[in-house]
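Note that this is a predicted model, so its numbers are computed, not measured. Hydrogens, waters and symmetry mates play no part in the numbers below; they use all other heavy atoms, side chains included. Each chain gets a letter, A, B and so on, in the order its sequence line appears, and its residues count up from 1.
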Number of protein chains: 2
Amino acid sequence: MASLQEVAQRAKVSIATVSRVLNKSDKVVPETRAIVEQALRELGYRPSRVARRLRMKDGRAHLVGLIIPDIQNPFYAEIARGVEDAAYAAEYALLLCNSDENPEKERFYLDVMLSESVDGIVLPPFDDTDAAVIEMAATGMPVVCVDRSMAKLKTDLVEVDNHRGAFEAVSHLLDKGHKHIGLIEGRSQVSTSRERRRGYLDALAERGITVRKELMRAGDFKQESGRILANELLALRKPPTALFVCNNLMTVGALATIHQRGLRVPQDVAIVGFDDLPWAEALDPPLTVVRQPAYEVGRQAMELLLKRIMDPDRAPVTVRLLPELVTRSST
Amino acid sequence: MASLQEVAQRAKVSIATVSRVLNKSDKVVPETRAIVEQALRELGYRPSRVARRLRMKDGRAHLVGLIIPDIQNPFYAEIARGVEDAAYAAEYALLLCNSDENPEKERFYLDVMLSESVDGIVLPPFDDTDAAVIEMAATGMPVVCVDRSMAKLKTDLVEVDNHRGAFEAVSHLLDKGHKHIGLIEGRSQVSTSRERRRGYLDALAERGITVRKELMRAGDFKQESGRILANELLALRKPPTALFVCNNLMTVGALATIHQRGLRVPQDVAIVGFDDLPWAEALDPPLTVVRQPAYEVGRQAMELLLKRIMDPDRAPVTVRLLPELVTRSST
DNA sequence: GACATGACTGAAATCGATTACATGGATTTC
DNA sequence: GAAATCCATGTAATCGATTTCAGTCATGTC
């Protein structure tokens with residue numbers, strides 16, 4: 001509430017001096033400093049980040065934006081925690097937004113962030129060619145992509161080796177003797193989807209298994225589509241004996257279908273999901289999954305962002321983290 | 001990037017006129033308006049929310065804060081979605097922070113929000129007497145409490161009837177014939193904990209069941225404490241045959257203990273949790289829980305906040321929503 | 001003792017918007 | 001036809017900070 005003006009009046013100095021005391025910069029004679037600090041305390045002064053941000057150009061707002069599809073998805077919640085913890089450690093605040101995989105919402109929030117003069121933005125782009133993100137980067141705003149990469153845009157990026165994760169998951173199913181493995185993947189415009197599909201195909205190819213096209217279905221990353229697609233797959237005349245589902249929500253959906261059809265896991269159908277869940281252990285059955293180090297993805301993304309804010313001209317970096325197959329009882 | 005100044009220059013008018021065009025206020029002659037709009041478009045002008053916020057006093061920042069203990073807790077994630085959706089609908093952006101049930105973090109973020117001149121704040125207070133929240137409200141900042149209430153502070157509040165939820169949960173266990181029901185509750189400085197405990201005690205009293213003090217344990221809402229306390233309870237010489245666990249994370253923890261001890265649910269021990277989980281259905285076994293309308297809590301809190309921003313002098317309102325016992329297979 | 005040096009501090013510009021007030025030309029009114 | 005009125009627009013103050021530049025006073029140097 002109290003402004004620099006008021007503090008200056010009370011301390012009988014100019015606002016410049018108060019500002020200097022606050023920024024611990026320059027030399028203010030100890031007596032003056034004491035008087036000012038006294039006034040500061042008495043008035044319970046708090047600087048206005050808004051005024052400060054208006055004056056200072058670029059990179060000192062101590063505010064960054066994070067746009068994720070859905071905070072209710074544990075994978076993104078974990079990323080968000082990683083970003084937030086790293087931000088908090090550096091005393092940055094976080095503007096968090098849910099895009100719902102909806103380009104319009106994404107655009108709205110990107111506008112807000114530009115308009116709020118955030119120091120930088122972390123986000124998984126909507127798809128390969130996300131125009132809004134390209135424009136944003138073109139303004140010079142620091143952008144760090146997480147999880148998903150973009151074809152035409154060179155930014156800092158923290159991603160997971162999706163091909164490897166998928167390859168291991170499918171190989172694991174093959175090891176268990178499965179020959180008909182259903183794939184439930186996400187939107188194909190998203191880099192992770194393509195990499196996981198590639199991993200699936202490569203694992204089959206390595207063992208010389210013929211691909212059955214009808215076993216591959218594309219969903220939209222949401223629970224409902226997992227439910228529906230699993231149902232389609234299991235209703236085939238020659239249904240798969242195992243399912244590889246490419247994200248957490250769709251896996252939960254697929255599991256619902258399996259239960260509903262009264263199938264036993266893994267005897268009747270085995271299932272491997274992508275993304276771990278905090279309660280995967282407590283599920284029926286405990287789920288075998290490809291675990292992504294989501295917290296770490298978020299944390300490192302924020303650190304990259306901080307580095308870029310400090311030095312906007314550094315060359316973009318790609319950090320590629322390793323997923324891990326966590327074997328439980330669903331396979 | 002482009003400022004009013006630049007637009008004004010290009011359109012050969014004053015910044016006041018550009019501002020008028022933007023705010024659709026006053027009368028600007030159509031020709032002038034057209035010229036300005038042209039310039040606006042050509043320069044891809046975006047207003048600075050920062051400058052705007054600095055100039056305008058109170059309630060027009062179109063920015064609100066939300067502080068929750070942990071976004072990775074599905075209950076709070078659901079509240080957050082409710083708040084966010086309502087905020088987005090009103091074109092408000094959201095500053096989201098995790099306090100980790102840590103008063104220092106809470107204070108840091110409250111400072112940020114004051115300093116960012118947000119229009120208002122939604123939060124579940126740390127406890128009954130949360131000093132930081134009291135100070136915040138004292139500055140005149142609109143505050144809406146969710147989930148938890150505060151003893152000494154009269155604010156808008158959206159809560160759930162915790163007593164009733166607990167009462168129904170425990171009555172349900174009693175209906176099933178249980179006489180020794182363990183209680184795992186949260187921090188007792190939090191209003192919800194006390195209300196749920198009261199519900200537990202009242203339900204027992206109604207059936208004339210003697211309370212066994214050693215069956216009541218207080219945790220900290222986190223998974224680990226659920227695990228530990230359940231273990232303590234089940235290790236008693238005369239262990240409970242049913243558990244009532246007062247939040248979602250502790251329930252998952254308790255379930256882990258139960259599985260680890262090789263107990264069957266509900267034959268060896270029944271369990272009812274507070275808070276539903278999106279995958280409660282898929283758990284082993286599907287969990288009986290008291291479902292809180294968390295999304296609705298968040299949504300209504302945001303609407304109350306909007307009303308208060310519009311009219312700071314209206315009398316504080318308390319909205320009390322009803323929980324619902326969802327019976328699945330763990331009881 | 002005059003002048004250069006340096007250490008503090010203050011005055012004022014600045015960031016990008018909103019808005020009260022001033023201005024000036026056209027129109028109305030008597 | 002002069003005064004009053006009105007309308008569109010411009011000028012300038014303002015929000016609360018940071019920062020440049022200038023000013024003041026004491027000290028050091030010869």
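Atom CD of A/Gln5 and atom P of D/dA13 are 15 Å apart (whole Å). Counting to the nearest Å, the P atom of C/dT14 and the CD atom of B/Glu6 are 15 Å from each other. To the nearest angstrom, P of C/dA11 lies 14 Å from CG of A/Leu4. Across the protein-nucleic acid pair, A/Leu54 atom CG and C/dT18 atom P stand 12 Å apart, rounded to whole Å. One interatomic measurement links the two molecules: CZ of B/Arg33 to C1' of D/dA8, which rounds to 12 Å at whole-angstrom precision. For A/Arg46 and D/dC15, the CZ to P distance is 21 Å, given to the nearest whole Å. Note: CD (B/Gln9) to P (D/dG10) measures 13 Å, nearest angstrom. Between the CD1 atom of B/Ile35 and the C1' atom of D/dT9 there is a distance of 13 Å, given to the nearest Å.
Around the CZ atom of A/Arg314, the shell of radius 6.0 Å holds more than 12 heavy atoms that belong to other residues, nucleotides or ligands.
In the set C/dC8, C/dG16, D/dA8, C/dC8 carries the atom at the smallest distance from any side-chain atom of A/Val29.
Using modelled atom types, no side-chain atom of B/Asp70 and backbone atom of B/Asp100 make a donor-acceptor pair closer than 3.5 Å. In this structure a side-chain-to-backbone donor-acceptor pair under 3.5 Å is present from A/Ser115 to B/Pro47. Judged by distance alone, the side chain of B/Asp311 and the main-chain N or O of B/Lys307 form no donor-acceptor pair under 3.5 Å.
Between B/Arg55 and A/Ser48, the residue whose closest nucleotide on DNA chain D is further toward the 5' end is B/Arg55.
Taking only distance into account, the side chain of A/Arg20 meets the base of C/dG10 through a donor-acceptor pair shorter than 3.5 Å. Under 3.5 Å, the side chain of A/Arg52 and the base of D/dT18 form no donor-acceptor pair of N or O atoms.
For C/dC15, the OP1/OP2 oxygens have no side-chain nitrogen or oxygen of B/Ser3 closer than 4.0 Å. Between A/Ser19 and D/dT18 there is a side-chain polar atom (N or O) within less than 4.0 angstrom of OP1 or OP2. Applying the 4.0 Å criterion to OP1 and OP2 of D/dT19, one finds that A/Arg60 has a side-chain N or O inside that range. Side-chain N/O atoms of B/Ser14 include one lying less than 4.0 angstrom from OP1 or OP2 on D/dG10.
Between the side chains of A/Asn98 and A/Tyr76, no donor-acceptor pair is found at a separation under 3.5 Å.
Residue B/Val13 is classed as a sugar-phosphate contact, given heavy-atom separations below 4.0 Å to backbone atoms only.
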